[in-house]
Amino acid sequence: MKRSSVLAVLAAVVLLSAGCAPGQTPSTTGGGSAPSSATAGGLQALPPTILSPGELDGTDVSVVVGTALVIAVEDGTEDQWRGTTADPAIAEFSAGGSDEGATFRPGFEARAIGSTEATLTGPDGGEIQFTISVVAP
């Protein structure tokens with residue numbers, strides 16, 4: 001009797017551990033999880049372009065359409081920066097600041113392919129002029 005009990009326990013362990021074997025992929029037939037970005041046409045979110053105000057002065061910055069140029073400003077000054085563009089249809093300034101406990105840096109949203117002149121004004125009133133070229137991904 002002892003031997004049959006040991007065999008039954010051993011058989012149960014083998015059967016239970018088979019469902020946990022490494023390298024097996026669970027079946028997702030019939031409404032499993034949502035498709036990953038790889039199976040949904042390969043669409044992935046692109047990261048923003050992040051530059052400091054000093055890196056912008058007099059330059060031509062390329063930004064992918066649908067993303068943003070984020071300005072890495074000193075902590076605590078996020079809401080003190082202002083910006084403009086010659087053509088807001090190409091790129092538009094987005095003010096920084098705090099909202100519901102989150103801090104947002106100022107930047108420019110890349111809306112359409114093309115180029116536009118941009119101006120960034122710091123807390124001290126100093127202006128930084130540059131060009132934003134919005135490009136295809």
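From a predicted model like this one, the values you see are computed outputs, not experimental measurements.
Taking all atoms of both residues into account, the shortest heavy-atom contact from Arg105 to Ala72 is CD-CA, 4.1 Å. Taking all atoms of both residues into account, the shortest heavy-atom contact from Ala112 to Ala89 is CB-O, 3.4 Å.
Listed by first then second residue, pairs satisfying salt bridge (charged side-chain N to carboxylate O under 4.0 Å, His left out) with a partner in residues 47-63 number zero, not counting sequence neighbours. The side-chain hydrogen bond (donor to acceptor under 3.5 Å, both in side chains) pairs that include a residue from residues 84-95 are Glu92-Arg111, where partners are two or more places apart or lie in different chains. Annotation: ring pair (Phe, Tyr, Trp, His ring centres under 6.0 Å) contacts involving residues 47-77, sequence neighbours excluded, are absent.
Under a 4.5 Å side-chain heavy-atom cut-off, the cluster of Ile, Leu, Val, Met, Phe, Trp and Tyr residues that includes Leu46 is completed by Val64, Val135. The hydrophobic cluster containing Trp81, built from Ile/Leu/Val/Met/Phe/Trp/Tyr side-chain heavy atoms closer than 4.5 Å, also comprises Leu51, Leu56, Val61, Val63, Val65, Leu69, Ile71, Val73, Ile90, Phe93, Phe108, Ile113, Leu120, Ile128, Phe130, Ile132, Val134. Applying the under-4.5 Å side-chain rule to Ile, Leu, Val, Met, Phe, Trp and Tyr, the cluster around Val70 extends to Ile50.
Applying the side chain to side chain donor-acceptor pair (under 3.5 Å) rule to Thr131 yields the partners Glu117; only residues at least two apart in sequence or on another chain are considered. Under the side chain to side chain contact (heavy atoms under 4.5 Å, CB included) criterion, Asp124 pairs with no residue, sequence neighbours left out. With sequence neighbours left out, Thr121 forms a side chain to side chain contact (heavy atoms under 4.5 Å, CB included) with Arg82, Thr119, Glu127.
Residues Ser62 and Ser133 bring no donor and acceptor atom of their side chains to less than 3.5 Å of each other.
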